[in-house]
Amino acid sequence: MSPSAPSRALWSSRLVFVLATTGSAVGLGNIWRFPYIAGENGGSAFILVYIACVILIGIPILIAETLLGRCGGANPVHSLAILAKRFGFAHYWKIIGWLALSGSFAILSYYSVIAGWTMAYMFRSVAGLFDQITVDGSREIFNLLVRDSEKLIAWHTLFILITAGVVGAGVNEGIERIVKWFIPLLFLILLLLLSYVFFESDIGGGLAFMFTFNAEQLTINSVLAAMGQAFLSLGVGIGAIMVYGSYLPGNVSIAKTAAQVASLDTLVALIAGIIIFSLVAEFALDPAAGPGLVFQVLPLAFGQITGGWVLGTVFYFLLMVAAWTSAVSLLEPGVAWLSESFSITRTRATVIITSLAWSLGLITVFSFSLPELMSVGDRTLFDWLDFLAVNFVLPIGGISIIFFTAWKMPAAFVRTEIGIQTELLRCLMFWTMRYIAPVGALMILIYQLHSSM
Ligand code: TRP
């Protein structure tokens, strides 16, 4: 297995790369997870820490990961091997690539199951199932879905198939084509929903919840949650961005692109939060409802609004599209690795990786439908998978990536590759990549390890 890059596809423009990377970043993490994590951690105080984590840790790692991909020019494992060889480092650095691949694979397996719910909810909304629904009724609909293995498997299968369809079609024919249409559509829907809550709902209540600063709600746990959320939401740490970076032409400024993607990603999370909390405020619902916020609480709001089924359908469609373009980026690293390692076709590689991820996804399915069977300690296997991936694999991957880039690779080379023209800004960014990002992430990781012992 020689780590040489065969001739590969390239993005046809910088814009397409921004769209694809934004598609990877904007997902369930922004619309489903961010609002409930913010809700549980006190809203505004959390959001402030979150933005600091994105700027000081997220963007530097995003830059580092794109840079490794572009300079390595291959899937994560081969990219690291190529770079280690080129700069004369030990070959075991490619372990970072292996960590990345296993992380993306594990996350895809459960991401697809949850994403399946968005499709199920879209159809329930069209069917008018949420009309005048009560709290108990809403819980019932949710439980009927997640306790039913067959339904979960069916939606999981459908979702992973539409993901595989895109990846199997290739970088230009598949990924580029869908992000060109669906990312603009996603923004359009988001703005439509925002204008709905602006004119018709309690946007004041939503804004107040999100932006009234409440210092005593800021705990060390919110800081931890904010960092994990930043990694998950930007989608850094496990090679998805690296493989997208490997299709990036050499003349594009990595820093500028990373800043744009991070800004769009944060904007979407904030807008989704405003939409959701305005509805929550209007109907005096529970903002700290946890993972059920989008699936159990929002239907109550949709059910009370006249014509709310349209709103609900559009909302779950938005969530599905966001999840779809993210899942594509989670599948791509494995497919790129398999097809480049064993010179098999992309289609075959897609079939193999998709089947494996689908099978692993059954663990998540049964964690919901048969939680008694699928628990270890006080968590289900799904909870473990999510907990380990978000709190350990992503930060460890991110720290290794930034350490390799900012400390191992020749500084002069990295400074040029970042692509910032202004001397001062370039130094500032390199300095942040060297000191702030890895040290910040490491401190939080150590605290995390300590507190979960
Ligand atoms: N960022 C996506 C979200 O917010 C999920 C995702 C896509 C991801 N690619 C990733 C998470 C890579 C971690 C690593 O839902």
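No experiment lies behind these values; they were computed from the predicted model shown. Atoms within a ligand are numbered from 1 in the order they appear, just like the ligands themselves.
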Only heavy atoms of [X], strictly under 4.0 Å: list the atoms of ligand 1 that pass.
X      : result
Leu232 : 1 (N), 2 (C), 3 (C), 4 (O), 5 (C), 8 (C), 11 (C)
Ser233 : 1 (N), 4 (O)
Ser329 : 7 (C), 9 (N)
Ser326 : 2 (C), 7 (C)
Ala25  : 1 (N), 2 (C), 3 (C), 4 (O)
Leu28  : 15 (O)
Asn30  : 4 (O)

Task: Gly237 touching ligand 1 at heavy-atom level, < 4.0 angstrom - done: no
Open item on the list: So is Tyr111 touching ligand 1 or not, going by heavy atoms under 4.0 Å?
Closed with: yes
Task: Salt-bridge contact Glu332-Arg346 (side-chain N to carboxylate O under 4.0 Å) - done: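 Answer for the salt bridge query: yes.
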Establish, yes or no, whether a centroid distance under 6.0 Å links the rings of [X] and [Y].
X      : Y      : answer
Trp324 : Phe317 : no
Phe159 : Trp155 : no
Phe404 : Phe89  : yes
Trp98  : Trp337 : yes
Phe302 : Phe130 : no

Expected list for residues 43-53: side-chain donor-acceptor pairs under 3.5 angstrom, two or more places apart:
{"residue": "Ser44", "atom": "OG", "partner": "Thr212", "partner atom": "O", "Å": "2.1"}
{"residue": "Tyr50", "atom": "OH", "partner": "Ser233", "partner atom": "OG", "Å": "3.4"}

Open item on the list: For ligand 1, which is the ligand I care about here, please tell me if Phe231 has any N or O atom under 3.5 Å from one of the ligand's N or O atoms.
Closed with: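 In this structure, Phe231 places no N or O atom under 3.5 Å from an N or O of ligand 1.
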TODO: Please say whether the positively charged group of Arg379, taken as NZ for Lys or CZ for Arg, lies over the ring of Phe387, i.e. under 6.0 angstrom from the six-membered ring centre and within 45 degrees of the axis.
DONE: yes
Open item on the list: Heavy-atom distances under 4.0 Å decide this one: backbone, side chain, both or neither, for Leu330 against ligand 1?
Closed with: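 Within the 4.0 Å criterion, Leu330 contacts ligand 1 through side-chain atoms alone.
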TODO: Please state which part of Ile241 comes within less than 4.0 Å of ligand 1, counting heavy atoms only: side chain, backbone, both or neither.
DONE: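 No part of Ile241 comes within reach of ligand 1.
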- [ ] Using heavy-atom distances, let me know which of Val268, Ile238, Ile107 sits nearest atom 14 (C) of ligand 1.
- [x] Ile238
